Amino acid sequence: MARGDEEAFRQLYRRHAPALFAFARRLVGGDHQAAEDVLQEAWIRAVERLNRFAWRSELRTWLSGILINCARESLRRLGRLPPLDAADIAEPSPGPPVERLDLEQAIAALPAGYRIVLVLHDIEGYSHDDIAQILGVEPGTSKSQLARARRALRRSLEPSGNPALPE
Amino acid sequence: MTRPPDEDLPPALQDALLALPRESPPPPALEDLTVSALTRRGLLGARGKGRLPHRWLLQSAVAALLVAAGWLGGRRSAPPAIPASTTPRFVLLLYGGEVPDSAGPAAHAARVQEYAAWAQARHATGSVVGGEELADTAITLGSAPRAMPEAGETGPGGFFIVEAPDLPSAIQLARTCPHLSHGGTVVVRPIPAANGAG
């Protein structure tokens, strides 16, 4: 093995892995093992394609795109990702009030289709056009999914006494 | 990140989402596992496979600066003029400094990241104000100067434009450029005030 090559990769890994791991964990709904698998697969694909990266965007953005695809494939394999284009995806039932459900848990509990759009838009700052391109849907679908995701999130946080939401 | 108020997202919830931690360290063992997986697939230490051209390195580092400055992203054909300033300006011309032949793609990427981090940090403080990549094509017109590039050489691979109070300060800034630590040469040349300042 070329030591310099390995060390160079380790530098890249250490710089970007903490943010990518947090991103992956949210995308897969808090499943730690799945997030590890997604992160590792994303790095493998990234190194495979590194010489195709045109450097017209930031490396983190490029890595995130690969990570999102890996996360969606993982969710699909686990049967947790219905087609996002289905505008009539059933909204989650309110269910019994959940006490002390913190924000991360509430996000993790969203249906995967909602969660991905919410994480991309409201946490990572992607635009609807970006999300539409990444997920292969129309921008309108991204907007409607986000609206539903937000409603579902608000509802899950409604029980009184939730400490995660500031006044 | 700021957004206009959104009726679907109460301000308190918007703030809470934006306040979520953006980083979470993966298990330490995952780094070694990932390196092992890459090695098994021949993606690390594979000499001569998938390497990138040397000039790409300098051009990419400069491109990374331009991305940071918001100058790229589909607008390559019409880069904006460098904004007016009264501070003296200098051009740093980057020569040589190629990544060794034995290095793989990750080594190239790490070098670009190093250059980009240097440029972006100084762009944030205002001392690096611009840059541009230079293509390999070099057409010489008129009488040949005394020092022509040798066959196969095309001169600098890129340049940075920096602001500094005076030439010694510009030289001091140029000394921090990572290009030097990789065997490259940086030539500092003042831009006359009539062209670059005021």
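This one's a predicted model, so the numbers in the text were calculated from it and none came from an experiment. Residue numbers begin at 1 in each chain, while the letters A, B, ... track the order of the sequences.
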Decide side chain to side chain contact (heavy atoms under 4.5 Å, CB included) for A:Ile123 and B:Leu18; before the verdict, give the C-alpha distance in whole Å, the side-chain angles of both, and the deciding distance to 0.1 Å. CA-CA 6 Å; A:Ile123 300 178; B:Leu18 292 176; over 6 Å; no
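- Among all heavy-atom pairs drawn from A:Trp43 and B:Leu38, the shortest one is O-CD2, 4.3 Å.
- The number of heavy atoms from other shown groups lying within 6.0 Å of CD (B:Gln172) does not exceed 12.
- One distance of note links NE2 of A:His121 with CG of B:Leu17; it measures 11.5 Å at 0.5 Å rounding.
- In this structure, CG on B:Leu13 lies 6.5 Å from CG on A:Leu157, to the nearest 0.5 angstrom.
- Options A:Leu39, A:Leu12, A:Ile44 differ in how many heavy-atom pairs under 4.5 Å they form with chain B, and the most are formed by A:Ile44.
- Of the listed residues (A:Gln40, A:Glu104, A:Arg15), the one with the most heavy-atom contacts under 4.5 Å to chain B is A:Gln40.
- Taking A:Gln11, A:Glu41, A:Arg14, A:Arg25 one by one and counting their heavy-atom pairs under 4.5 Å with chain B, the maximum is reached by A:Arg14.
- By the 4.5 Å heavy-atom criterion applied to side chains, A:Tyr13 and B:Leu30 are counted as neighbours.
- Looking at heavy atoms from C-beta onward, A:Arg26 lies in side-chain contact with B:Leu20 at the 4.5 angstrom threshold.
- Here B:Arg22 contributes atom CZ and A:Phe23 contributes atom CZ; the two are 10.0 Å apart, rounded to the nearest 0.5 Å.
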Does the pair A:Glu48 and B:Leu43 meet the rule for a side chain to side chain contact (heavy atoms under 4.5 Å, CB included), with working shown? CA-CA 7 Å; A:Glu48 282 174 343; B:Leu43 295 168; 3.4 Å; yes
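- Note that CD of A:Glu6 is 8.0 Å distant from OG of B:Ser36, once rounded to the nearest 0.5 Å.
- The two residues A:Phe21 and B:Ser24 come nearest to each other via the heavy atoms CD2-O, 3.2 Å.
- Only the backbone of B:Pro25 comes within contact range of chain A, with heavy atoms under 4.5 Å apart.
- With rounding to the nearest 0.5 angstrom, the CG atom of A:Leu153 is 8.0 Å from the CG atom of B:Leu9.
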